[in-house]
Each structure stands twice: as C-alpha cells, then as structure tokens.
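First the proteins, then the strands, lettered A, B, ... as listed; each starts at 1.
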Amino acid sequence: DAKTTQPNSMESNEEEPVHLPCNHSTISGTDYIHWYRQLPSQGPEYVIHGLTSNVNNRMASLAIAEDRKSSTLILHRATLRDAAVYYCILRVQGAQKLVFGQGTRLTINP
Amino acid sequence: ETGVTQSPTHLIKTRGQQVTLRCSSQSGHNTVSWYQQALGQGPQFIFQYYREEENGRGNFPPRFSGLQFPNYSSELNVNALELDDSALYLCASSLVGEYSPLHFGNGTRLTVT
C-alpha cells in the first residue's frame with residue numbers, strides 16, 4: 001500500500017483558511033486521493049476525493065500537485081466544529097479498503 | 001436516510017471470552033467493512049463483506065470473523081479475547097466502487113480486562 005505523510009498536528013484560528021498538506025511520493029497512476037476526518041468520539045467522515053484535477057465540494061477543496069506526489073486539503077473558513085483528525089489516504093482503484101495513517105490533528109482557536 | 005449504527009456503544013469483557021459486535025448498514029449499501037482503532041492510532045482494516053461473502057482481509061488472525069446478512073446488517077466476532085484487542089471497533093458501509101465513499105458508524109468501544 002502506498003504511504004502518505006502528514007504533519008502530526010496543526011493549529012489555526014476560527015474563520016481563517018486552513019491548508020492541510022499531504023505527501024504521497026509513491027502514488028501510482030490509478031490511486032485516488034481521499035480525505036476523511038474524525039471528530040472527537042465519532043467515526044471517520046468522508047470529506048473529499050480526487051484523482052488528478054482539483055476538486056471542490058461543500059465541505060472543502062482538494063488541490064492536487066501536477067506530479068500527484070502531494071496534495072492539500074483546504075478548509076476555506078474554519079469553524080470550531082472543524083477541529084478533528086484529518087486523514088489523507090491513497091485508495092487503490094477497485095479496492096474498497098482504506099489504509100489510514102496517523103493523520104493530522106487540527107486545532108481551531110476561537 | 002438512516003446512517004450506520006453500531007451496538008453496543010461500550011463493552012467490557014474478560015481475557016479469553018468471546019464477543020459479538022453488531023452493525024446496521026446505511027440503507028442501500030451492499031458492502032460492509034470493519035476496522036479496529038487503537039487509542040491514538042488510525043483505524044486498521046480487519047475485513048470486508050460483499051453479498052454475504054468475505055472479499056478482503058487485513059492482517060488479523062482467524063479468531064476475528066464476521067457475517068453479513070441479506071438485509072446488509074453485519075456482525076464482527078472475536079474469539080479468545082486478548083488484552084491487545086481493547087480498541088474502538090468501527091463498521092463502515094458503502095456501495096461497490098472506488099468513487100463510493102465509506103460511511104462509518106461511531107463504533108463500539110471494547111475493553112478487555
């Protein structure tokens with residue numbers, strides 16, 4: 001399974017944008033980049049995914065580097081409810097399982 | 001639509017005992033998978049069921065087993081419990097396909113003493 005590398009923790013302020021980086025230098029051409037987050041005392045929650053192009057949805061944006069060796073999850077305007085552990089995951093084409101790393105613990109300051 | 005529900009939310013067992021954890025998938029989902037999450041770690045894939053057959057397994061011993069029922073509910077069984085089995089057990093349901101996100105329940109917290 002291809003590995004991802006994320007910072008252990010990040011801190012930001014409420015109502016400011018947050019950029020969460022992820023390195024995946026061994027990504028293969030058919031791996032999808034998925035992001036999930038886990039709020040305290042809850043199961044993981046799907047945030048967004050992409051293959052090559054940048055993606056936007058109501059929760060966040062995903063910016064993917066041209067060589068696909070890194071990506072950035074962007075929360076445009078953080079709220080206190082965005083405090084969570086964010087996982088960057090490479091999902092093999094056709095595979096259902098997710099391989100979680102340690103993730104980034106995001107703290108939002110009021 | 002109803003989400004993924006798991007029961008019980010908390011459970012305490014003694015080493016050597018057996019335990020059954022239950023999961024009710026999100027309506028319409030045909031695939032269910034189970035994950036183990038130790039304290040401070042990311043979830044680890046145990047196995048997955050599709051159409052009532054196991055079709056993928058992580059690095060877990062055979063004493064971890066499961067069932068998927070025609071109504072897409074699911075069970076995780078663990079025999080001969082060990083202290084290291086203490087963890088949060090998460091169930092996730094989805095449709096088949098790499099475009100389909102997984103929907104997780106909030107887990108069962110198992111403590112083995």
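- The side-chain contact (heavy atoms from CB on, under 4.5 Å) test with B/L102 singles out one residue from A/K97, A/R91, A/E45, and that residue is A/R91.
- Between chain A and the options B/Q41, B/Q6, B/R109, heavy-atom pairs under 4.5 Å are most frequent for B/Q41.
- Counted within 6.0 Å of CZ on B/R63, heavy atoms from surrounding residues, nucleotides or ligands total more than 12; the atom is thus considered enclosed.
- Heavy atoms of other residues, nucleotides or ligands lying less than 6.0 angstrom from CD1 of B/I12 number 12 at most.
- Taking the side chain as every heavy atom from C-beta outward, A/P44 and B/Y35 never approach each other to under 4.5 Å.
- In B/R57, the CZ atom is crowded: over 12 heavy atoms of neighbouring residues, nucleotides or ligands sit closer than 6.0 Å.
- Side-chain atoms of B/F104 and A/Q42, non-hydrogen and from C-beta on, never get closer than 4.5 Å to each other.
- Counting heavy-atom neighbours within 6.0 Å of B/N71 CG, excluding the residue itself, gives a total above 12.
- The environment of B/L39 atom CG is sparse: at most 12 non-hydrogen atoms of other residues, nucleotides or ligands sit within 6.0 angstrom.
- With a threshold of 4.5 angstrom between heavy atoms, B/T31 approaches chain A through side-chain atoms but not through N, CA, C or O.
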